[in-house]
Amino acid sequence: MDSKLVFSGVQPTGNLHLGNYLGAVKRFVELQDADTMCIYCLVDLHAITNWQDPKELRRNTIEVTAAFLACGLRQENSIIFNQSQVSTHTELAWIFNCVARIGWLNRMTQFKEKAGKNRENASLGLYCYPTLMAADILAYHATHVPVGEDQKQHLELTRDIAMKFNNDFKTPGFFPIPEPIIEGTATRIMSLRDGTKKMSKSEASEMSRINLTDDSDSIRKKIQKAKTDPFEIPSVKEELVNRPEAENLLGIYATLANQSIEKTLEQFSGSDFKKLKDELSDILISELDPINKEIKKLLNEETYIVEILRMGSEEADHISRPILQKTREIVGFLK
Ligand code: TYM
């Protein structure tokens with residue numbers, strides 16, 4: 001094992017979609033297989049920053065864990081757990097609420113997007129969401145955080161919190177400054193209905209995203225109906241400027257085929273979207289069909305999944321508890 005420690009989280013707020021898979025979970029599996037200590041968390045405390053039906057939250061936590069396992073995460077190689085079972089996160093988050101500045105949180109674009117026009121009515125949890133995220137990462141002294149592009153600003157805030165804490169308490173290096181891992185061709189997968197918008201669980205139309213639980217027929221249908229433009233596929237990358245839908249579909253294909261955009265353009269240059277859509281559907285189905293089948297199988301084994309989360313939570317507590325204890329001493333709390 002190397003000295004890297006990887007941490008990342010996913011909200012259990014519904015099915016995982018292709019953006020979550022290519023931008024995050026597939027990378028989680030690669031890192032796990034690179035002999036690095038990896039901790040992956042179902043962030044149910046983050047999920048309730050918007051009201052969740054309790055039965056659905058429970059169901060989604062089980063489903064997203066099943067998806068993690070179906071994508072290839074293994075309990076033997078990674079710690080897989082749900083955030084609310086490990087209280088070190090919330091304790092550390094409170095300390096970070098007192099380190100982070102209101103001005104820093106006021107700059108968070110995701111809060112602005114999620115709160116929308118009715119900001120006064122957003123939960124306080126949604127506002128201080130990023131300090132809990134910093135606690136998730138720093139409670140383990142994690143050094144690397146694989147995420148999609150949309151989490152970049154939250155990672156920068158985490159780094160600022162770690163630096164300010166180390167400075168304020170004169171404990172240089174106590175919290176490591178974590179590195180985001182935002183790499184590859186799939187850091188921002190876009191909606192199939194609008195190539196300028198991120199693929200997201202919160203978009204109303206199911207046609208805008210491919211879910212890991214979609215069967216082959218729905219995948220084919222969604223790709224066939226995906227928005228395109230009237231031009232043919234170009235031969236060079238520069239010609240994809242102002243063609244967000246073409247760029248997105250080609251990017252998804254390139255990622256799944258494990259090849260560059262240039263190579264993908266060479267393959268499809270001069271053809272119409274039908275060819276691209278047919279081949280994209282095929283490659284998506286061959287990647288996602290085994291995952292889909294495995295999720296279905298695992299959903300019949302709820303007790304097994306609950307037990308994985310329980311054991312993972314114990315391990316997570318075991319690692320983060322001494323770090324929290326040390327933080328408490330640094331801050332000046334009595335034992
Ligand atoms: P969440 O649950 O929204 O998304 C989970 C992961 O999927 C990535 N992602 C995407 N990547 C590419 N294209 C997309 N369209 C796309 N949509 C989502 C996200 O970037 C993320 O990596 N705040 C986080 C969860 C979190 C966390 C953490 C992450 C809580 N604590 C600590 C890392 C470390 C979130 O809401 O992710």
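We're numbering straight along the sequence, starting at 1. Indexing begins at 1, ligand by ligand and atom by atom, following the structure's order.
- Listed by atom number, the atoms of ligand 1 under 4.0 Å from Ile137 heavy atoms are 32 (C), 34 (C).
- The closest approach between any non-hydrogen atom of His17 and ligand 1 is below 4.0 Å.
- Of all protein heavy atoms, the one lying nearest to atom 25 (C) of ligand 1 is Gly9 O, 3.5 Å.
- Looking at Val145, Leu155, Ile181 and measuring to atom 34 (C) of ligand 1, the nearest heavy atom belongs to Val145.
- The ligand atoms of ligand 1 that sit less than 4.0 angstrom from a heavy atom of Thr187 are 11 (N), 12 (C), 13 (N).
- Using a 4.0 Å cut-off to heavy atoms of Arg188, the atoms of ligand 1 that qualify are 12 (C), 13 (N).
- Distance from atom 6 (C) of ligand 1 to its nearest protein heavy atom, with residue and atom name: Ala24 CB, 3.6 Å.
- Comparing heavy-atom distances from atom 4 (O) of ligand 1 across Asn20, Ile39, Val10 singles out Asn20 as nearest.
- Both Val64 and Ile305 belong to a single network of hydrophobic side chains, linked directly or stepwise wherever heavy atoms of I, L, V, M, F, W or Y lie under 4.5 Å apart.
- The single protein non-hydrogen atom nearest to atom 10 (C) of ligand 1 is Gly19 O, 3.5 Å, given as residue, atom name and distance.
- Interface of Lys198 with ligand 1, defined as ligand atoms under 4.0 Å from a residue heavy atom, comprises 15 (N).
- Residues Tyr253 and Gln267 have side chains in contact (heavy-atom distance under 4.5 Å, counting atoms from C-beta outward).
- For a threshold of 3.5 Å applied to N or O pairs, the pair formed by Gln151 and ligand 1 contains at least one separation below that value.
- Atom 20 (O) of ligand 1 has as its closest protein heavy atom Asp150 OD1, 2.4 Å.
- Within the listing of ligand 1, atoms 29 (C), 33 (C), 34 (C) sit less than 4.0 angstrom from a heavy atom of Ser8.
- At a threshold of 4.5 Å between non-hydrogen side-chain atoms, the residues Gln83 and His89 count as touching.
- Of the charged side-chain nitrogens involved, none lies within less than 4.0 Å of a carboxylate oxygen, so that Asp150 and Arg188 do not count as a salt-bridged pair.
- Ring centers of His141 and Phe7: at least 6.0 Å apart, outside the cut-off.
- Summarising the geometry, atom CG belonging to Asp278 is positioned 9.0 Å from atom CG belonging to Asp272; distances are rounded to the nearest 0.5 Å.
- Of the candidates Ser191, Gly148, Ala186, Pro180, it is Gly148 that places a heavy atom closest to atom 8 (C) of ligand 1.
- Between Gln11 and ligand 1, an N or O atom pair is found at a separation short of 3.5 Å.
- With no hydrogens or angles considered, a side-chain donor-acceptor pair links Thr196 and Asp194 at under 3.5 Å.
- In terms of protein heavy-atom proximity, atom 13 (N) of ligand 1 is closest to Ile189 N, 2.9 Å.
- Classification of Glu156 and Arg159 as a salt-bridged pair fails, no side-chain N sitting under 4.0 Å from a carboxylate O.
- The protein atom (non-hydrogen) at minimum distance from atom 28 (C) of ligand 1 is Met133 CG, 3.4 Å.
- Here the protein heavy atom with the shortest distance to atom 31 (N) of ligand 1 is Asp136 OD2, 2.7 Å.
- Residues Gln32 and Ser78 bring a donor and an acceptor atom of their side chains to less than 3.5 Å of each other.
- Between Glu279 and Lys275, at least one side-chain nitrogen of the basic residue sits less than 4.0 Å from a carboxylate oxygen of the acidic one, meeting the salt-bridge criterion.
- A donor-acceptor contact closer than 3.5 angstrom links the side chains of Thr88 and Ser320.
- What sits closest to atom 36 (O) of ligand 1 on the protein, heavy atoms only, is Tyr129 OH, 2.6 Å.
- For Phe169 and Phe175, the ring centers sit 6.0 Å or farther from each other.
- Heavy-atom proximity to Gly23, at under 4.0 Å, picks out these atoms of ligand 1: 11 (N), 12 (C).
- Taking distance alone, with nitrogen or oxygen atoms compared against 3.5 Å, Val147 stays at or beyond that limit from ligand 1.
- With ring centers used as reference points, Phe111 lies 6.0 Å or more from His154.
- Residue-ligand proximity, Phe7 to ligand 1, at heavy-atom distances under 4.0 Å covers atoms 32 (C), 34 (C).
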